[in-house]
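Structure record follows, encoded as structure tokens.
In what follows, chains are A, B, ... by sequence order, proteins preceding strands, each numbered from 1. What you are looking at is a predicted structure, and each value in this text was computed from that prediction instead of being measured.
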Amino acid sequence: MKEKIAKVVEEAVASLSLHIKNIPEIKIDRTRDEAHGDFATNIALVLAKDARQNPRMLAQALIEKIDVTDDIEKVEIAGPGFINFFLSKNAKFAVIKSIFDQKDRFGYGEVGANKRINLEFVSANPTGPLHVGHGRGAAFGATVANLLETQGYKVDKEYYVNDAGRQMHVLAVSVWLRYLSLFGDLPSFPRAGYKGEYVIDIAKALQKEHGDVFAKDLASVFADLPNDELDKEIYIDALVQNAQTLLGEHSYSTIFDAAVESVLNDIREDLTEFGVKFDNWFSEASLVNSGRIDESIKTLQERGFIYKKNGALWFAATKLGDEKDRVVVRENGITTYFASDIAYHLDKYKRGYDKIIDVFGADHHGYLPRIKAFLQAENLDVDKFNVLLVQFAILYRGKIKLQMSTRSGEFVTLRELREEVGNDATRFFYIMRKNDQHLDFDLDLAKSESSDNPIYYIQYAHARICSVMRQLDDKGFEFNEKEGFNNLNLLSEPQEQQLIRRMRAYSDTLERAALNYEPHSLAHYLQDLANDFHGFYNAHQFLVDDAALRNARLCLILAVKQLLANGLILLGVSAPDTM
RNA sequence: GCGCUCGUAGCUCAGCCGGAUAGAGCAUCGGCCUUCUAAGCCGAGGGUCGCAGGUUCGAAUCCUGCCGAGCGCGCCA
């Protein structure tokens with residue numbers, strides 16, 4: 001419809017033969033206020049200056065040239081020179097039929113044209129269970145993927161597994177120490193070690209499967225160590241060294257692999273329960289083992305962006321807009337996380353995606369310039385690359401802010417959060433706010449069964465419609481779809497008009513939410529739609545004796561039900577039949 | 001100090017690819033259940049859109065400066 005009107009206006013503009021060099025694109029907007037009709041254009045205002053005409057006069061001239069079709073009931077000038085279009089009733093009712101026909105695919109678009117997108121999100125280090133911060137990234141990424149797919153994009157959801165870094169050794173040695181403590185008391189546990197309960201669970205599982213084969217004399221385990229109090233990082237590195245020598249390569253890697261596998265399985269299970277599925281789990285270790293990290297450093301070297309300083313290899317990122325040059329190979333010969341990331345992104349580009357999107361926690365935003373720098377150094381198309389930042393979620397219990405700290409091992413995990421407030425409310429609350437906005441997550445509100453809770457408010461609207469359909473049977477009526485569609489013109493109450501107006505805006509909202517990566521706008525839309533419905537519900541009866549009106553109203557609310565369900569499912573939230 | 005993000009009602013936030021009287025929820029106050037789920041609805045009050053300039057026919061929206069908040073500035077990941 002929008003395109004139709006744009007075309008008509010465009011023709012009208014052309015027919016006026018104004019002496020203007022470049023006529024801007026005609027923009028047709030949905031009006032915010034019903035009094036302004038259904039669509040409006042500001043073209044007369046935009047052209048007025050160049051045409052050296054009064055905008056209202058220009059608008060008048062345009063209107064006279066506009067071919068009014070059957071769909072448009074009225075065209076008028078308003079305000080400083082807007083042209084407002086009023087649709088005919090029949091044109092407006094068409095949305096109900098479309099929803100019935102297209103069902104769960106209603107509002108889908110094709111701008112994506114099957115283009116392939118790689119969407120990387122969560123990518124938390126497999127050193128422990130996911131916490132509430134990761135949850136927001138998970139909900140956001142999964143929803144963005146759903147939204148993009150509605151617009152015809154092919155989205156690969158990817159989790160980058162940092163299974164190669166130093167942190168993994170810290171995890172392995174933490175597990176081993178907990179394992180050793182099953183045979184005798186340890187003198188101490190390293191400050192930098194992982195102290196969570198899950199580490200002990202992994203240790204116990206190891207004991208169950210392997211018995212005491214990894215047990216070593218504690219004196220040798222803690223022999224020749226620096227002071228933990230002085231520098232906990234140096235201390236734990238030394239412990240890792242001891243572990244590797246005492247256990248030997250085979251035993252050490254058995255523990256290492258068991259630790260990584262166990263944590264990863266937990267993460268996978270957690271995300272699956274949360275309704276977040278990945279197409280690809282990309283292992284950092286696979287980059288290391290295949291030599292692709294060295295390879296990518298080499299290509300940078302050939303292009304003259306690598307130099308040696310203080311025994312380390314540096315990437316000259318400042319040449320390409322970054323604040324500092326970055327180390328890729330440390331003095332001790334170990335490559336940095338950034339080196340892996342170069343190889344990883346190179347790999348994504350090689351896989352031929354049209355668009356590559358990384359979802360980062362906001363604390364990683366400083367990372368963006370260096371990635372852009374190496375993309376340029378590698379002569380890759382930087383415009384294909386996008387970073388979406390997700391701010392932190394702060395948990396509240398009513399007014400009380402919950403303290404979270406990873407170092408003590410007392411963090412709130414995603415699983416704990418899901419178990420307390422449920423998956424639906426968790427998913428919804430996470431995406432309710434714009435991603436780059438801090439999120440106050442009120443646990444009490446998320447759990448409350450009242451209209452204060454937006455998720456229940458929307459689900460309740462859906463359940464109410466289901467309930468109406470059940471009542472229909474009880475009252476001995478039957479829904480006659482054909483009769484309903486033949487009598488849509490009976491829907492003349494303001495609440496009915498409002499619902500139709502709202503439903504007509506769905507496709508635009510969906511497209512906008514997808515293209516701008518803004519799930520929150522779909523959430524807000526659903527709240528508005530539910531609000532319109534509840535208003536209608538309280539003002540009028542649906543199950544009236546007049547069959548024509550009854551069936552017409554049922555058509556209307558069944559369309560509403562479809563849209564509520566469509567939207568909720570895209571957000572990863574269920575649409576229950578009863579509450 | 002430099003960089004990124006943000007500043008809208010008492011609170012939590014929409015609106016920000018320039019447009020018509022700046023919206024919603026919560027909280028406060030006042031109404032609505034012999035009728036399809038009151039987990040609901042209707043109404044009222046509440047605003048220098050951080051401040052000051054600039055661009056424009058038109059600025060919450062774009063630009064500059066200032067003030068304030070958060071985050072980032074490792075041979076960590």
Side-chain angles (χ1 to χ4, degrees), chain A residues 27 29 31-33 35-36 40-42 45-46 48-49 54-55 78-82 84 123-125 127 162 164-168 170 233 284 309-314 322-324 326-338 340-341 361-369 389 391-392 396 399 432-434 436-440 442 445 448-457 459-461 463-472 474-475 477 495 512 515-516 518 520-521 523-525 527-528 530-531 533-544 550 553 557 578-579:
Chain A
K27 268 177 59 186
D29 293 315
T31 54
R32 211 185 314 161
D33 188 337
H36 300 144
T41 180
N42 63 351
L45 292 161
V46 175
K49 197 179 184 188
N54 173 305
F82 291 101
N84 293 337
S123 299
N125 287 349
T127 53
N162 292 120
R166 174 175 165 273
Q167 293 306 315
M168 301 314 301
V170 175
E233 302 300 337
E284 182 189 2
K309 194 178 97 183
N310 300 336
L313 282 189
W314 296 70
D322 195 6
E323 289 178 348
K324 295 179 180 172
R326 309 291 175 180
V327 170
V328 286
V329 182
R330 292 194 268 162
E331 199 179 0
N332 61 12
I334 295 171
T335 55
T336 59
Y337 173 85
F338 178 55
S340 299
D341 232 24
D363 53 336
H364 282 61
H365 70 75
Y367 213 68
L368 179 59
L389 295 177
Q391 286 284 357
F392 298 115
Y396 287 84
K399 293 256 178 256
M432 196 164 62
R433 302 284 174 242
K434 222 168 26 181
D436 55 14
Q437 202 71 237
H438 285 271
L439 171 71
D440 287 342
D442 185 341
L445 178 60
S448 79
E449 296 189 348
S450 78
S451 59
D452 304 356
N453 187 343
I455 182 60
Y456 279 104
Y457 185 80
Q459 290 181 320
Y460 182 43
R464 262 185 159 175
I465 297 170
C466 295
S467 171
V468 169
M469 296 313 286
R470 287 190 295 270
Q471 290 289 322
L472 188 71
D474 296 351
K475 296 204 173 184
F477 291 132
Q495 291 88 350
R512 202 186 153 106
L515 299 184
N516 295 328
E518 291 175 342
H520 76 278
S521 30
H524 286 286
Y525 174 89
Q527 291 188 71
D528 291 339
N531 180 247
F533 170 74
H534 288 307
F536 182 31
Y537 184 97
N538 276 70
H540 301 283
Q541 285 277 308
F542 308 143
L543 303 177
V544 291
R550 183 176 69 238
R553 283 187 172 161
I557 65 167
T578 56
M579 297 292 282

Exercise. Hey, is the side chain of Y457(A) poking within less than 4.0 Å of OP1 or OP2 on C41(B), counting only N and O atoms?
Worked result: yes
Seminar exercise, completed: Quick note, D33(A) side chain, CB onward, closest among U21(B), G70(B), C73(B) is U21(B)
Exercise. When you compare C41(B) with C36(B), how far apart are their C1' atoms, in angstrom units rounded to a whole number?
Worked result: 15 Å
Exercise. With rounding to whole Å, what would you report as the distance between C76(B) and C66(B) at their C1' atoms?
Worked result: 36 Å
Problem set entry | Check: V327(A) main-chain N/O paired with T336(A) side-chain donor or acceptor under 3.5 Å | yes
Exercise. Of all heavy-atom pairs between F338(A) and V328(A), which one has the smallest distance, and what is that distance?
Worked result: CD2-CG1, 3.9 Å
For this session: Return the value, rounded to whole Å, for the distance between atom CD1 of I455(A) and atom P of A39(B).
Result: 17 Å
Problem set entry | Within 6.0 Å of CZ in R32(A), more than 12 heavy atoms from elsewhere | no
Exercise. Taking OP1 and OP2 of C41(B), is either one under 4.0 Å from a side-chain nitrogen or oxygen of N531(A)?
Worked result: yes
Exercise. Pick the nucleotide of RNA chain B nearest each of N310(A) and N84(A); which residue has the one closer to the 5' end?
Worked result: N84(A)
For this session: Give a yes/no answer on whether the side chain of R433(A) brings an N or O atom under 4.0 Å of OP1 or OP2 in U12(B).
Result: no
For this session: Would you please classify the geometry between the F392(A) ring and the H438(A) ring as parallel, tilted or perpendicular, with 30° and 60° separating the classes?
Result: tilted
Exercise. When you check the phosphate oxygens OP1 and OP2 of A14(B), does a side-chain N or O of Q437(A) lie under 4.0 Å from one of them?
Worked result: yes
Exercise. Contact class for R550(A) (heavy atom, under 4.0 Å): base, sugar-phosphate, or nothing?
Worked result: nothing
Problem set entry | Per K27(A) side chain, nearest of listed nucleotides G18(B), A14(B), C36(B) | G18(B)
Exercise. Considering only side-chain heavy atoms of E323(A), which listed nucleotide, G15(B), A77(B), G72(B), is closest?
Worked result: G72(B)
Exercise. Where the side chain of N538(A) is defined as all heavy atoms beyond and including C-beta, which of C36(B), C41(B), C71(B) is the nearest nucleotide?
Worked result: C41(B)
For this session: Report yes if the ring of H524(A) lies under 5.5 Å from the six-membered base ring of A14(B) with planes under 30°, and no otherwise.
Result: no
Problem set entry | Short side-chain N/O contact to U21(B) OP1/OP2 from R32(A), under 4.0 Å | no
Exercise. Would you say C76(B) has OP1 or OP2 under 4.0 Å from some side-chain N or O of R326(A)?
Worked result: no
Problem set entry | Separation of atom CG in L543(A) from atom P in U35(B), rounded to whole Å | 14 Å
Exercise. Hey, does the side chain of K434(A) come within less than 4.0 Å of G15(B)'s phosphate (OP1/OP2), counting only N and O?
Worked result: yes
Exercise. Heavy-atom distance under 4.5 Å between the side chains of T31(A) and F82(A), does that happen here?
Worked result: no
For this session: Name the closest nucleotide to the F82(A) side chain, picking from C73(B), C36(B), G19(B).
Result: G19(B)
Problem set entry | C13(B) to G7(B) separation - P atoms, rounded to the nearest Å | 11 Å
Exercise. So, does the side chain of H365(A) form a donor-acceptor pair with the base of C71(B) at under 3.5 Å?
Worked result: yes
Seminar exercise, completed: Per the glycosidic torsion and the 90° limit around 0, nucleotide C6(B) is anti
For this session: Determine the interatomic distance between C1' on U48(B) and the same-named atom on U35(B); round to the nearest Å.
Result: 49 Å
For this session: Using whole Å, report how far CG of L439(A) lies from P of C6(B).
Result: 16 Å
Exercise. Hey, is the side chain of D363(A) pairing donor to acceptor with the base of G72(B) inside 3.5 Å?
Worked result: no
For this session: Could you work out the separation of U28(B) and C63(B) based on their P atoms and round it to a whole Å?
Result: 40 Å
Exercise. Expressed in whole Å, how much space separates the C1' atoms belonging to C29(B) and G68(B)?
Worked result: 34 Å
Exercise. How far does the P atom of G19(B) sit from the matching atom of C62(B), given to the nearest Å?
Worked result: 10 Å
